[in-house]
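Everything quoted here is computed from the prediction, not taken from an experiment. In what follows, chains are A, B, ... by sequence order, proteins preceding strands, each numbered from 1.
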2 protein chains.
Amino acid sequence: MSLRYALLGLLAEEPASGYELTRKFERVLARYAWHAQHSQIYPELNRLAADGLVEIVAEGARGRRTYAITDAGRADLRTWMLDPPDVFTVRNEFVLRLFLLSTLDRDEARAMLRPIADGSAREMADLRDAIDKADAADAEPSFNRLIAEYGLRMFETTHEWALWALARLDRAE
Amino acid sequence: MSLRYALLGLLAEEPASGYELTRKFERVLARYAWHAQHSQIYPELNRLAADGLVEIVAEGARGRRTYAITDAGRADLRTWMLDPPDVFTVRNEFVLRLFLLSTLDRDEARAMLRPIADGSAREMADLRDAIDKADAADAEPSFNRLIAEYGLRMFETTHEWALWALARLDRAE
DNA sequence: CATTGACATGTAGAAACCTACATGTCATCT
DNA sequence: AGATGACATGTAGGTTTCTACATGTCAATG
């Protein structure tokens, strides 16, 4: 069901085509929250339309169809947002690898942690840039600023943790 | 393939039965890294055995079969650990909801963030307890300490972020 | 000795998801 | 005018995952 709500959520912000939604997934959601390909998105949009949760509001060039969320869709989304299940589904290969760190020896563990420290530093820098640009553009603070801050703090934490873990491995030599 | 490596990883630490592996998933992996049910675990163990990556090392009461990782299994796991794909699969309902925060109004957002702040505080406290107990028990520092620290820092970051976001919403009133 | 609950493994059928293939449009560059 | 690449939507077939059903063992409790 999460894909369905991810789509409703994106359409609640603004109407979009399947193609645009696919790119939003690629650029944003897939990396942090929920992964989906176009081959899953298009059929789900058709199902959402059949269920009356979204509707086609425009048809453009190249068969493009712009979808918008309906009142029923908004109501459904709101219920899902405010009445969370008490257990959340998590599937995260990155964290899984961290959990299996203990299957490596000391040198191998270092070889795994080093790129994590570097990668998270890069992601931090990129996100900080994006935030600074957005802050300069929008005068008024937005909800998007909240989630960007969450991402930034997560990368910082991963970065600092990786450095800490590397130092700990060195010290225990 | 991740389920396969999750199982190999757990068996690399120590031999276990399907039942024990299922409980390890429930207690640890499912909440942070990878979710799987017994109906998926048992068939996968059989496939791993057929592929020679694990083997049955004991049979006990109630049809219990204890599996151990083989050398081939260890080699497979090591390759996967040290040669990561450059993009990781992520599916996380919790983070997805955060991304969709902007579909709520201010009061609804507060109603969503408050339990997140409280929940992460509780998880932090639990993990800190577990770490303290483990520190007291094992004299020697282990790899498990590293991943526990990762979890602890993640919950701290989520907690502090949620408080920051709540304060920001209040300020912008 | 009957009941309960943890232990223990499995499968059927449906839903979700992935990879790969398929098709066509429109704008831009050469 | 042809080539290229982004735009745009789709499906077939296979794999993974979920829900629900199914079966039986053993230990402890009343």
Side-chain angles (χ1 to χ4, degrees), chain A residues 1-8 10-11 15-27 29-31 33-51 54-67 80 85-93 96, chain B residues 1-8 10-11 15-27 29-31 33-51 54-67 80 85-93 96:
Chain A
M1 287 291 92
S2 291
L3 170 63
R4 164 159 285 222
Y5 293 110
L7 289 170
L8 286 176
L10 292 178
L11 290 175
S17 67
Y19 189 81
E20 285 170 328
L21 291 166
T22 300
R23 285 193 319 181
K24 285 189 189 193
F25 265 87
E26 277 167 14
R27 281 202 317 267
L29 287 186
R31 301 180 53 207
W34 203 265
H35 176 84
Q37 331 253 111
H38 83 271
S39 63
Q40 218 190 330
I41 291 170
Y42 286 111
E44 187 64 35
L45 279 172
N46 286 328
R47 276 191 290 271
L48 283 164
D51 293 347
V54 304
E55 59 185 351
I56 296 168
V57 290
E59 310 212 18
R62 284 169 271 193
R64 174 197 176 94
R65 266 162 292 163
T66 303
Y67 291 91
W80 184 77
D86 42 52
V87 58
F88 292 102
T89 297
V90 174
R91 283 211 166 81
N92 189 321
E93 276 186 357
L96 176 59
Chain B
M1 286 288 94
S2 291
L3 171 64
R4 164 159 286 222
Y5 293 110
L7 289 169
L8 286 176
L10 292 178
L11 290 175
S17 66
Y19 189 80
E20 285 169 328
L21 291 167
T22 300
R23 283 193 320 181
K24 284 189 190 194
F25 266 85
E26 277 167 15
R27 281 202 316 265
L29 286 187
R31 300 181 54 206
W34 204 265
H35 176 84
Q37 331 253 109
H38 83 270
S39 64
Q40 218 189 332
I41 290 170
Y42 286 111
E44 187 64 36
L45 279 171
N46 287 329
R47 276 190 290 271
L48 283 164
D51 293 346
V54 305
E55 61 186 349
I56 295 167
V57 290
E59 310 212 19
R62 284 168 270 191
R64 173 197 176 94
R65 266 162 292 163
T66 304
Y67 291 91
W80 184 77
D86 42 51
V87 57
F88 293 102
T89 297
V90 174
R91 282 211 167 80
N92 189 321
E93 277 186 357
L96 176 58

Would you say C:dC17 has OP1 or OP2 under 4.0 Å from some side-chain N or O of B:Arg91? yes
Quick check on C:dC7: is either OP1 or OP2 less than 4.0 Å from any side-chain nitrogen or oxygen of B:Arg65? no
Please report the distance, rounded to the nearest Å, between CZ in A:Phe25 and P in C:dA16. 14 Å
Taking B:Tyr19's backbone N and O only, do any of them form a donor-acceptor pair with B:Tyr42's side chain (distance below 3.5 Å, no angle check)? yes
Please give, in whole Å, the distance from C:dG10 P to B:Arg64 CZ? 13 Å
So, taking the atom named OG1 in A:Thr22 and the one named CZ in A:Arg27, what distance separates them when rounded to the nearest 0.5 Å? 11.0 Å
Measure the distance from CG on B:Leu48 to P on D:dT16 and round it to the nearest whole Å. 11 Å
Inspect the contact between B:Glu20 and B:Arg23 and indicate whether a charged nitrogen and a carboxylate oxygen are less than 4.0 angstrom apart. no
Residue-phosphate contact under 4.0 Å: A:Asn46 side-chain N/O, D:dG10 OP1/OP2: yes
Roughly how many Å is it from CD1 in B:Ile41 to C1' in C:dG10, rounded to a whole number? 13 Å
Rounded to whole Å, please give me the gap between NE2 in B:His35 and C1' in C:dA15. 14 Å
If you go through the side-chain atoms of B:Ser39, does one of them form a donor-acceptor pair with the base of D:dT19 closer than 3.5 Å? yes
Which part of the nucleic acid does A:His38 contact within heavy-atom distance under 4.0 Å: base, sugar-phosphate only, or nothing? base
Heavy atoms only: give me the nearest A:Ile41-A:Gly18 pair and the separation to one decimal. CG2-O, 4.3 Å
Given D:dT9, C:dC18, D:dT17, the nucleotide with the shortest approach to the side chain of B:Gln40: D:dT17
If you look at every heavy atom in B:Ser2 and A:Leu96, which pair is closest and at what distance? O-CD2, 3.7 Å
For D:dT9, does OP1 or OP2 lie under 4.0 Å from any side-chain N or O of A:Tyr19? no
Using a heavy-atom cut-off of 4.0 Å across all strands, would you classify B:Thr22 as base, sugar-phosphate, or nothing? nothing
B:Leu3, nearest nucleotide to its side chain (from C:dA20, D:dT17, C:dA16): D:dT17
Numerically ordered, the residues 55-63 of chain B set in heavy-atom contact under 4.0 Å with DNA chain D is B:Ala61, B:Arg62
Contact class for A:Arg47 vs. all strands (heavy atom < 4.0 Å): base, sugar-phosphate, or nothing? nothing
A:Leu7 atom CG is separated from D:dT9 atom C1', nearest whole Å, by 15 Å
Between B:Glu44 and B:Gln37, name the one whose nearest nucleotide on DNA chain D is closer to the 5' end. B:Glu44
Would you say the side chain of A:Arg4 lies within less than 4.5 Å of the side chain of A:Leu48, judging by non-hydrogen atoms? yes
Regarding B:Arg4, tell me which of base, sugar-phosphate or nothing describes its non-hydrogen contacts under 4.0 Å with the strands shown. nothing
So, taking the atom named CD in B:Glu55 and the one named CG in B:Leu11, what distance separates them when rounded to the nearest 0.5 Å? 10.5 Å
Separation of A:Tyr42 atom OH from D:dT11 atom C1', in whole Å? 13 Å
Expressed in angstrom and rounded to an integer, what is the separation of B:Leu45 atom CG from D:dT17 atom C1'? 16 Å
Between A:Val90 and B:Ala30, what is the shortest heavy-atom contact and its length? CB-O, 4.1 Å
Between B:Gly18 and B:Thr89, which has a closest nucleotide on DNA chain C that is more 5'? B:Gly18
